[in-house]
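Notes follow the structure.
The analysis underlying the following values was restricted to heavy atoms, covering all of them including side chains, and did not include hydrogens, waters or symmetry mates. Residues take their numbers from the sequence shown, with the count starting at 1.
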Amino acid sequence: MEIERLLDQQERSKAGNLNLTGDLIRQRLVEYCKMFKTSWVNLGQSLYPVWKDKLFYAWGFEKFEYYLQEELGLKKETAMKMLKSYFFVEQNEPAYLSESFVKERNAQKVPGCEEVNVLRLARGKKELNKDDYRKLRQEVFEGGKDASVVRKDLTNLIRQRKQVDPEEERALRAEQAVKKLSTALRNFHNDMEILKLLPVDLIDDAKELLERLEKEVI
């Protein structure tokens, strides 16, 4: 009985160690995920003097994009996105750069470079008001939404808020009116031609007018 008790304790101890190891792996995965999402910050911060002070000249590169591609394997578009996003959070969301921001949040709700970049672009849209921006910011920093979702919401908001130019709106209404008239005249011409309710010369005049209208709406 004593041997069986000792064996049972040993098995429970092994199970406890396995559970501890599993919990440790899970915790590390969360931390690594947070680090992965925010790793662009250091890169963007370090690239700034290279771009601003043109340090790449001293390293033998004629252009910034040559340095990016040949030494870092980065496209200029990607690097500029990180640079601009870094300055955005530095000026508008400095809390994002603090260690406590990442530490106190769930991994799911730590935005990455793409999400921050969408928010940066949104801030510069004159069509959006403060409430619109506040909503998008909440989606990024509180809701943990993916960049594609935030980008879609941004597009919808801009579409809703976009002011229509009076001249453009008037021209659009005129074009729609001509299209309606053209459709009605086409139906009228077809009926008159088939039923022969009007003289031939009037039907021909209607056809000529129809052709002229259709040229206007092409």
Side-chain angles (χ1 to χ4, degrees), residues 16 18-53 55 64-65 67-69 71-165 168-169:
L18 286 173
N19 185 54
L20 179 61
T21 303
D23 290 342
L24 181 60
I25 291 174
R26 183 179 183 183
Q27 180 181 350
R28 285 179 177 177
L29 284 171
V30 170
E31 296 303 318
Y32 292 156
C33 183
K34 292 179 181 180
M35 291 169 59
F36 173 75
K37 287 185 174 183
T38 57
S39 61
W40 64 273
V41 171
N42 292 331
L43 187 54
Q45 184 181 32
S46 299
L47 278 174
Y48 177 67
V50 180
W51 172 72
K52 181 177 181 295
D53 300 328
L55 298 181
F64 183 51
E65 52 262 44
Y67 163 70
L68 293 171
Q69 184 174 355
E71 184 154 304
L72 302 181
L74 288 175
K75 293 182 179 179
K76 184 179 180 180
E77 179 183 341
T78 303
M80 295 307 296
K81 182 191 298 182
M82 287 188 289
L83 280 170
K84 292 176 181 179
S85 297
Y86 171 76
F87 280 112
F88 170 78
V89 295
E90 185 180 66
Q91 295 173 8
N92 301 285
E93 303 290 344
Y96 180 88
L97 302 177
S98 67
E99 184 178 346
S100 61
F101 176 88
V102 177
K103 185 176 181 180
E104 295 171 1
R105 289 177 179 261
N106 296 331
Q108 180 190 3
K109 294 185 178 180
V110 175
C113 184
E114 289 295 333
E115 288 74 26
V116 171
N117 185 59
V118 175
L119 191 61
R120 176 185 70 82
L121 295 174
R123 189 174 179 83
K125 298 296 182 182
K126 60 182 181 180
E127 296 90 349
L128 302 186
N129 56 42
K130 292 182 179 180
D131 289 337
D132 294 332
Y133 178 78
R134 191 178 298 112
K135 177 183 177 182
L136 291 172
R137 183 191 179 281
Q138 187 174 9
E139 289 183 359
V140 171
F141 285 100
E142 304 297 333
K145 287 192 175 182
D146 185 77
S148 60
V149 177
V150 182
R151 192 178 293 111
K152 183 178 179 181
D153 291 344
L154 172 60
T155 301
N156 290 335
L157 282 171
I158 291 176
R159 187 180 293 114
Q160 293 172 14
R161 301 289 185 265
K162 186 178 180 181
Q163 295 181 352
V164 180
D165 182 80
E168 181 181 343
E169 187 176 8

Give me the atom names and distance for the closest heavy-atom approach of [X] to [Y].
| X | Y | value |
| --- | --- | --- |
| K125 | L121 | CG-O, 3.3 Å |
| V140 | P111 | CG1-CB, 3.6 Å |
| L55 | P49 | CG-O, 3.5 Å |

If you draw a 6.0 Å radius around [atom1] in [X], do more than 12 non-hydrogen atoms from other residues or ligands fall strictly inside?
| X | atom1 | value |
| --- | --- | --- |
| E77 | CD | no |
| E65 | CD | yes |
| E71 | CD | yes |

Practice problem: Report the residues that fulfil side-chain hydrogen bond (donor to acceptor under 3.5 Å, both in side chains) with S39, sequence neighbours left out, ordered by chain and then residue number. | Solution: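 Residues passing side-chain hydrogen bond (donor to acceptor under 3.5 Å, both in side chains) with S39: none at all.
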
Atom pair [atom1] ([X]) and [atom2] ([Y]), whose distance is rounded to the nearest 0.5 Å:
| X | Y | atom1 | atom2 | answer |
| --- | --- | --- | --- | --- |
| Q91 | Y86 | CD | OH | 10.0 Å |
| K37 | M35 | NZ | CE | 14.0 Å |
| E115 | D146 | CD | CG | 5.5 Å |
| M80 | L74 | CE | CG | 12.5 Å |
| N129 | L157 | CG | CG | 8.5 Å |

Sequence neighbours left out, cut at 3.5 Å: what donor-acceptor pairs do the side chains of residues 24-34 make with other protein atoms?
| residue | atom | partner | partner atom | Å |
| --- | --- | --- | --- | --- |
| K34 | NZ | V102 | O | 3.1 |
| K34 | NZ | K103 | O | 3.3 |
| K34 | NZ | R105 | O | 2.6 |

Self-check item: N117 side chain vs C113 backbone, donor-acceptor pair below 3.5 Å
Solution: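 Not a single qualifying donor-acceptor pair exists.
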
Quiz item: With sequence neighbours left out, what residues match K109 under salt bridge (charged side-chain N to carboxylate O under 4.0 Å, His left out)?
Solution: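 Not a single residue meets the salt bridge (charged side-chain N to carboxylate O under 4.0 Å, His left out) criterion with K109.
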
Self-check item: For E114, salt bridge (charged side-chain N to carboxylate O under 4.0 Å, His left out) partners two or more places apart
Solution: K81, R151

Quiz item: Which of parallel (below 30°), tilted (30 to 60°) and perpendicular (above 60°) describes F141 and Y96?
Solution: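 The rings of F141 and Y96 stand perpendicular, inter-plane angle above 60°.
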
Exercise. Start with the C-alpha distance between L128 and L154, add both sets of side-chain angles, then the distance that settles side-chain contact (heavy atoms from CB on, under 4.5 Å), and finish with yes or no.
Key: CA-CA 9 Å; L128 302 186; L154 172 60; 3.5 Å; yes

Self-check item: With sequence neighbours excluded, residues passing ring-ring contact (aromatic ring centres under 6.0 Å, His included) with Y48
Solution: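 Expected list: F87.
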
Quiz item: Run the side-chain contact (heavy atoms from CB on, under 4.5 Å) check on T78 and W40 step by step: do they pass?
Solution: CA-CA 10 Å; T78 303; W40 64 273; over 6 Å; no

Exercise. Begin from the C-alpha positions of R159 and T155 and carry the test side-chain contact (heavy atoms from CB on, under 4.5 Å) through to its verdict.
Key: CA-CA 6 Å; R159 187 180 293 114; T155 301; 3.6 Å; yes

Quiz item: Would W51 and L47 count as a side-chain contact (heavy atoms from CB on, under 4.5 Å) if you check the C-alpha gap in whole Å, the side-chain angles of each, and the deciding distance to 0.1 Å?
Solution: CA-CA 6 Å; W51 172 72; L47 278 174; 5.8 Å; no

Practice problem: Taking the side chain as every heavy atom from C-beta outward, state whether K152 and N156 have any pair of such atoms under 4.5 Å apart. | Solution: yes

Exercise. Just jot down the side chain to side chain contact (heavy atoms under 4.5 Å, CB included) partners of E139, sequence neighbours excluded, or say none.
Key: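 By the side chain to side chain contact (heavy atoms under 4.5 Å, CB included) rule, E139 matches K135, L136, K145, V150, D153.
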
